[in-house]
2 protein chains.
Amino acid sequence: MQGFDAAKINEIIRKASEGSRFYQHKQQAQQKLDAKIKEMLHTAQQMSPQLLEKATKKMEAVALECEAGRDLSRTIVHVDMDMFYAAVEMRDQPNLKDVPMAVGGNSMLSTSNYIARKFGVRAGMPGFIARQLCPALVLVPPNFSKYKAVSRVVEQVFAIYDPNYAMMSLDEAYLDITDYMEANADAYQAKSEVDNETLAEAIVREMRLKIQEATQLTASAGIAANTRLAKVCSDLNKPNGQYYLPSDTRAIMDFINKLPIRKISGIGNVTEQQLKALGITLCGQIRPNYGLLRLLFSDCSLDYFVRISLGLGETDLSNYTSGEQKSISTETTFTGTSCKQKLMQMVSDLSIELHGDMKKKGLVGKLVTLKTKTVNFVLKTRSMALGEPTSDPEVMGKVARKLLIAEMEKCPVDEPLSLRLLGVRMSNLSEEASSGRAKQTTISKMFEKQTVSAGRESSSNYCLVTESVAREVQAFHD
Amino acid sequence: MQGFDAAKINEIIRKASEGSRFYQHKQQAQQKLDAKIKEMLHTAQQMSPQLLEKATKKMEAVALECEAGRDLSRTIVHVDMDMFYAAVEMRDQPNLKDVPMAVGGNSMLSTSNYIARKFGVRAGMPGFIARQLCPALVLVPPNFSKYKAVSRVVEQVFAIYDPNYAMMSLDEAYLDITDYMEANADAYQAKSEVDNETLAEAIVREMRLKIQEATQLTASAGIAANTRLAKVCSDLNKPNGQYYLPSDTRAIMDFINKLPIRKISGIGNVTEQQLKALGITLCGQIRPNYGLLRLLFSDCSLDYFVRISLGLGETDLSNYTSGEQKSISTETTFTGTSCKQKLMQMVSDLSIELHGDMKKKGLVGKLVTLKTKTVNFVLKTRSMALGEPTSDPEVMGKVARKLLIAEMEKCPVDEPLSLRLLGVRMSNLSEEASSGRAKQTTISKMFEKQTVSAGRESSSNYCLVTESVAREVQAFHD
DNA sequence: ATACATACC
DNA sequence: TACTGGTATGTAT
DNA sequence: ATACATACC
DNA sequence: TACTGGTATGTAT
């Protein structure tokens, strides 16, 4: 059992994907992006030096203002559990430790362990391709409630160092350890002198140890003046390592200047390609291109680029903590079908599931959105605002089904809507006015109504549908 | 013949308006505004001192940046012809010179002379109220082509001092006389010394004289470092006067600080009331309220407020000149009616008229907007995008009528849509691809079709309609 | 308000 | 045979 | 994209 | 009896 080189890995992936509808759709998207980039370059060609210079000046003015607000007073830590889900499973099933394994299903992996990664098996890869890369791969289905429990334990450690830590997902958090450092400087004096470390480094090393003691899992960490830098740093000595970037403008600029833009959180595949077309691959190449960027990107992106180019980032974690949830959704992927009853029934089921999630969080919403993905991977959303915020599965379901019917009606009879994904989302959320009684009534009513009846389609399309859905489908056919 | 005091004038106006639908609608709008202001004050109440301080700091940072961009190098002049339309009429009919007169119709006045103003008769006042204030008032219907011609003469004078003068309307313009001052400093040396005036003042005085020689009409002017200040200044020594504000930060700040906000172009009735509720009536009170404003207004307004508070304004007139026209429209007010044929016919007529205007300017548009005002003065717009830009009256008319029909259909049969105004606007404009031939064909076709036929409504609703309109109305009724 | 694109885990 | 599910945010219309 | 509000002459 | 007409821009959804 040994790894492959990158070429071999790519070859296998290519063969596995090539010609699939997924791949075709991806290619189309890439073509569209290529066209957009071409147009962008064309626009860039037209720019007069005067215009560019003017734009550069304006950007420099913004940069000056941003620079003035630089805050180096905080010590921010980004902690990231190493291959979290996989690590938990390996901890609980030691026989998984020496074999290539991944957590996920046949359609998608969440994480893989380091042995599997040698074969090119990574998070975000579909299981069936992973198996081609590594036939010995052990696939463990995810066990979210367990991960959640472990995460809670890790949180307890975080709370020691910063009671206002900001959890970004089950395996990732930001901490502001500035206050802790001040309060406990003396206690670490000796420790950090011995290891020739800064106070921050000593504290974070200790924190990671405590996490390991509490969970038997390792974490990596980045220490810097703001979240953006800390996040980049946590990636540098993975796994089970940490990286400290001194809070000093000079050090930060040296660091950021040679950093590939793609390392920055928020710069994804598309932005990377766009910037690359402009000759920008490193953060240090942003500033020399201020004028060009100003003329090509939106104000919002510009601000973002300027801040990246200066190594600036968030220093106030309350900006992550405070926000209310904006939307809640549930979706499901299935083998492509155009059976109207099946699709309608799925929407109803999703609405009921969504109701459960909303209930748990005490949320109600005003905007119902139906999400569809065709068998060709074309995503669409259709939404409709409600008069009143609700989480009533009947109401949400009715609206979502109406939206689905409208989509079906748009398709010609000879090529009916054929989907592989359906989702229902609620947004414009507010807190539920906790009159638990009334809600309960509604729910029971709903279940009373949901007696099963047979669809009246041909046998090949046969499926179980609830009465109300059957009625709507009926109406649609008439 | 003598004037009235303000109380008497207001009393007459109140009596004339009171109880009218117009007045009722205005009252409703005021109530809505009062509610909005109340809510705003409530929000203001909730603000913690910390929040306010933070907001203040951010605003001050913006102010600093704006201040850094202050440009005192230009000398901008705002020239405003004195009671322009009225003055032209008085010039051409000398017997009007000694009587109270106004230009306008029974429904609205454009200008009044200074005698009429003593009675409270002003621009924007309906003629029938003006008559109650001043029964002797002579109402002269406007003669736009004549005013346009006079305006052209005035423009010739402007061109001497600044070839890039920016006409804001027939009777108003901005000039940047900086270059002229440099080039002609010597010539004015003696003149300005004698009158103890600055160079700028001497030049503007001469310009006003030239205007008077050329047109027998007087103009007032403001001279300052930017258009915002110049505009305010031109109002200070009206009529036939000028005001010079030195381009010196100290002088500007003294000037602006004691200036009522309402004098600023762009601050109208609503904003004045809002700011007043916050205790702001003078421009000098803006800066002490930066934090409050920041928390209550949009970014766009904030920028505007900051610039006002610093006495900053536009110094580059090309920003007025360069822009293409964004929309073109025509509208008509009539005695309220709900006769569908009449309304439909009016929309057709407006489309034809609009076509004429667009043709003259060589414009085509993509977005058709129908504007309606009910007999209760409720304004609405309904728009629809076209596939292709056009100025074809048939196309525009068809869409506009469709929009009108949709509005009619929304009304219950027992209270049909009753309108006092209809308008058609085209926007998303572009230059007409000057294939004059094809257009011509379309126009003639249109006139061929427009043979008159009688409507089939009851006699009280009887009116003439073209065939195509009759057909649409017919379809609507079915 | 809607729809869709981008991004992150 | 075959490419997730949940959420936030930006952008365009 | 739409609708509407504010403002100016 | 009875309160314009034309355009731009901002704001909300």
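Letters go in sequence order (proteins before strands), and every chain restarts at 1.
Not counting sequence neighbours, A:Glu324 has no partner by the salt bridge (Lys or Arg N to Asp or Glu O under 4.0 Å) test. Considering only residues two or more places apart in sequence or on other chains, A:Glu314 meets the salt bridge (Lys or Arg N to Asp or Glu O under 4.0 Å) condition with none of them. For A:Phe84, there are no ring-ring contact (aromatic ring centres under 6.0 Å, His included) partners, not counting sequence neighbours. The side-chain contact (heavy atoms from CB on, under 4.5 Å) check on A:Arg131 picks up A:Asn106, A:Leu139, with sequence neighbours excluded. Legend: residues meeting side-chain contact (heavy atoms from CB on, under 4.5 Å) with B:Glu18, ordered by chain and number and at least two apart, are B:Arg14, B:Tyr23. Applying the salt bridge (Lys or Arg N to Asp or Glu O under 4.0 Å) test to B:Lys263 and every residue at least two apart in sequence or in another chain returns B:Asp235.
The interatomic distance linking B:Arg21 (CZ) with F:dA2 (P) rounds to 8 Å, in whole Å. When rounded to the nearest whole Å, the span between CG of B:Leu33 and P of F:dT11 equals 15 Å. Rounding to whole angstrom units, CE of residue B:Met108 and C1' of F:dA2 are separated by 11 Å. The CG atom of B:Asn269 sits 13 Å away from the C1' atom of E:dC8 (whole-angstrom rounding). Distance B:Tyr85 OH to F:dT4 C1': 12 Å, rounded to the nearest Å. Atom P of nucleotide F:dT1 and atom NZ of B:Lys15 are separated by 16 Å, given to the nearest angstrom. When rounded to the nearest whole Å, the span between CD1 of B:Ile37 and P of E:dA5 equals 16 Å. Here the P atom of nucleotide D:dT1 and the CZ atom of A:Arg131 are 14 Å apart, to the nearest Å.
Residue A:Leu367 is classed as a sugar-phosphate contact, given heavy-atom separations below 4.0 Å to backbone atoms only. Looking at heavy-atom distances under 4.0 Å, A:Ser265 makes contact with sugar-phosphate atoms alone, never a base. Counting any heavy atom pair closer than 4.0 Å across all strands shown, A:Ser169 reaches sugar-phosphate atoms only and no base atom. Within 4.0 Å of B:Ile267, counting heavy atoms only, lie sugar-phosphate atoms of the nucleic acid but no base atom. Residue A:Ser20 is out of contact with every strand shown, counting any heavy-atom pair closer than 4.0 Å. Residue B:Lys36 is out of contact with every strand shown, counting any heavy-atom pair closer than 4.0 Å.
A heavy-atom distance below 4.0 Å to DNA chain D is reached by none of the residues of residues 320-330 of chain B. Using a 4.0 Å cut-off on heavy atoms, the residues of residues 370-382 of chain A that approach DNA chain C are A:Lys380, A:Thr381, A:Arg382, listed by number.
Counting only heavy atoms from C-beta on, A:Cys300 has its side chain closest to D:dT11 among C:dT2, E:dC9, D:dT11. The side chain of B:Val270 approaches E:dA7 more closely than any other nucleotide in the set E:dA7, F:dG10, C:dT2. For A:Glu331, taking side-chain heavy atoms from C-beta onward, the closest of the listed nucleotides D:dG6, C:dT6, C:dA3 is D:dG6. Out of E:dC8, E:dC9, F:dT7, the shortest distance to the side chain of B:Arg262 is found at E:dC8.
Relative ring orientation between A:Tyr85 and A:Phe144 is described as perpendicular, the plane-to-plane angle rising above 60° on a 0-90° scale split at 30° and 60°.
Remark: aromatic rings of A:Tyr304 and A:Phe297 are distant, center separation not under 6.0 Å.
D:dG6 is paired with C:dC8 under the criterion used here, namely a Watson-Crick or G-U wobble arrangement in which both key atom distances are under 3.5 Å. Pair assignment for F:dA12 gives E:dT2, based on Watson-Crick or G-U wobble hydrogen-bonding distances that are each under 3.5 Å.
Each of B:Ser234, B:Ser265, B:Ser220 was checked for a side-chain hydrogen bond (donor to acceptor under 3.5 Å, both in side chains) with B:His78, and the lone residue meeting it is B:Ser234. Of the options A:Lys32, A:Gln30, A:Gln31, a side-chain hydrogen bond (donor to acceptor under 3.5 Å, both in side chains) to A:Asp34 is made by A:Gln30 and by none of the others.
Phosphate proximity of D:dT1 to A:Ser107: absent, as no side-chain N or O sits under 4.0 Å from OP1 or OP2. For A:Thr271, no side-chain nitrogen or oxygen approaches OP1 or OP2 of C:dT6 to under 4.0 Å. At least one side-chain nitrogen or oxygen of B:Thr333 sits closer than 4.0 Å to the OP1 or OP2 atom of F:dG5. Note on A:Ser298: a side-chain N or O is less than 4.0 Å away from OP1 or OP2 of D:dT11. The side chain of A:Thr335 places no N or O atom within less than 4.0 Å of a non-bridging phosphate oxygen (OP1 or OP2) of D:dA2.
Mapping A:Ser110 and A:Leu354 onto DNA chain D by nearest heavy atom places A:Ser110 closer to the 5' end of the strand. Across the interface with DNA chain D, nearest-nucleotide mapping of A:Ser301 and A:Phe334 shows A:Phe334 to be the residue nearer the 5′ end.
Residue pairs that meet the salt bridge (charged side-chain N to carboxylate O under 4.0 Å, His left out) test with at least one member in residues 367-378 of chain B, sequence neighbours left out, are B:Glu331-B:Lys371.
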